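This report concerns only the one structure given below.
Here the structure is a predicted model, which means the values were calculated and not measured. Within every chain, numbering begins at 1; the chains are lettered A, B, ... in the order of the sequence lines, protein sequences first and strands thereafter.
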Amino acid sequence: MTNPLTPAASWPRTEADAEAEQQRLRPLVDRDGPGPSVADGGTVAGVDVAYDDQRDLVAAAAVVLDVATLRTVEQATAVSRVAFPYVPGLLAFRELPAVLDALARLRTAPDLIVCDGYGIAHPRRLGLASHLGLLTGIPCFGVAKTAFTFTHQPPGPHRGDRTPLLDGGEDVGRALRTRDGVKPVYVSTGHAVSLDHACAHTLNLTPRHRLPETTREADSLCRRALAAAVRAGQ
DNA sequence: GCGACAG
DNA sequence: ATCTTGTCGC
């Protein structure tokens with residue numbers, strides 16, 4: 001009720017309010033962590049969202065994996081109405097309400113969360129992963145598939161090779177090669193986890209694909225949840 | 001200068 | 001994100 005971290009009741013409805021909310025939360029982000037290391041084991045959750053714009057529906061999924069074995073420990077989904085349009089820089093306001101619902105349905109909170117998108121690599125340094133980390137208090141980082149406005153030197157050709165991800169002159173993340181000879185992913189700190197630990201977890205989660213297992217499983221699950229909701233007729 | 005811009 | 005077939009490869 002006096003929680004400074006945005007109760008659902010105050011979710012912004014306009015772009016101006018959303019940007020103001022980002023400016024308010026920005027100084028609260030912990031960029032250094034260190035957060036859990038891979039050696040600490042524990043659990044890591046992946047979250048993702050799918051949309052049906054025709055029916056105004058959004059489905060979110062949270063999939064929890066064991067860090068050491070990559071086995072699925074638990075999963076949850078949530079379906080609701082879209083709460084915000086897609087606006088570059090304001091993605092969190094579109095995705096997070098459903099994601100928070102899905103996370104709330106887990107029996108046990110994960111030790112770490114991986115987002116499909118950016119953390120502090122963001123115009124106001126408050127991308128999806130930073131925002132979700134603040135709202136949950138759980139260490140969180142982002143793995144994005146495209147660099148778009150950010151610049152970077154191409155990483156070496158091998159898995160594990162990395163270069164700085166730059167926003168102008170500012171270092172905001174890493175371009176990280178997760179598979180030999182495959183296009184890199186873009187890792188950025190979200191909240192309460194260091195960039196080094198985020199990159200180590202990303203490599204741990206990519207034993208055979210470019211994208212983390214967490215992201216792949218959450219993506220597939222939220223699509224199934226959306227299809228099921230449509231089938232049930234909403 | 002204008003538009004594009006994570007998903 | 002989503003619209004969308006087949007196809008090459010591990």
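- Within 6.0 Å of atom CZ in Arg13(A), 12 or fewer heavy atoms from other residues, nucleotides or ligands are found, so the atom counts as exposed in its surroundings.
- A salt bridge links Arg223(A) to Asp219(A): one of the charged nitrogens lies within less than 4.0 Å of a carboxylate oxygen.
- When side chains are defined from C-beta on, Leu112(A) does not count as touching Thr43(A), because their heavy atoms never get closer than 4.5 Å.
- Arg94(A) has its CZ atom 13 Å from the P atom of dG7(B), to the nearest Å.
- As judged by a 4.0 angstrom heavy-atom cut-off over every strand, Gly89(A) is placed among the base-contacting residues.
- The backbone N or O of Gln153(A) lies less than 3.5 Å from a partner atom in the side chain of Thr163(A), making a donor-acceptor pair.
- Leu96(A) comes within 4.0 angstrom of nothing in the nucleic acid, heavy atoms only.
- The side chain of Thr146(A) places an N or O atom within less than 4.0 Å of a non-bridging phosphate oxygen (OP1 or OP2) of dG7(B).
- Distances shorter than 4.0 Å separate none of the side-chain N or O atoms of Lys145(A) from OP1 or OP2 on dA6(B).
- Spacing between atom CG of Asp219(A) and atom P of dA6(B) amounts to 17 Å, rounded to whole angstrom units.
- Nucleotides of DNA chain C with any atom under 4.0 Å from a heavy atom of chain A span, from 5' to 3', dA1(C) to dT2(C).
- Counting only N and O atoms by type, the side chains of Tyr86(A) and Glu95(A) include no donor and acceptor under 3.5 Å apart.
- In this structure, Glu21(A) does not pair ionically with Arg124(A), as no charged nitrogen and carboxylate oxygen lie closer than 4.0 Å.
- Here dG7(B) presents its P atom at 12 Å from CZ of Arg223(A), a figure rounded to the nearest Å.
- dG7(B) atom C1' lies 14 Å from atom CZ of Phe84(A), rounded to whole Å.
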Nucleotide-level pairing of DNA chain B, given in dot-bracket where Watson-Crick and G-U pairs need both distances under 3.5 Å and | marks other strands: .......
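- Counting non-hydrogen atoms under 4.0 angstrom, Tyr118(A) reaches a base of the nucleic acid.
- Residue order along DNA chain C, read from the 5' end via each residue's closest nucleotide, puts Tyr51(A) first among Tyr51(A) and Arg208(A).
- Note: CG (Leu126(A)) to P (dA6(B)) measures 17 Å, nearest angstrom.
- Between the P atom of dC5(B) and the OH atom of Tyr86(A) lies a distance of 8 Å, rounded to the nearest Å.
- Regarding Asp53(A), its CG atom lies at a distance of 16 Å from the P atom of dG7(B), rounded to whole Å.
- Rounded to whole Å, the distance from CG on Leu91(A) to P on dA4(B) is 18 Å.
- Among the heavy atoms of the strands, none lies under 4.0 Å from Ala121(A).
- Separation of the His131(A) and Phe93(A) ring centroids falls under the 6.0 Å cut-off.
- Between Asp48(A) and Arg216(A), none of the side-chain N atoms (NZ, or NE/NH1/NH2) sits under 4.0 Å from a carboxylate O, so this pair counts as no salt bridge.
- The other residues sharing a hydrophobic cluster with Tyr186(A) are Tyr118(A), Phe150(A), Leu165(A), Val172(A), where clustering joins ILVMFWY side chains under 4.5 Å apart.
- With hydrogens and angles ignored, the 3.5 Å screen pairs no side-chain donor or acceptor of Arg162(A) with any backbone N or O of Arg174(A).
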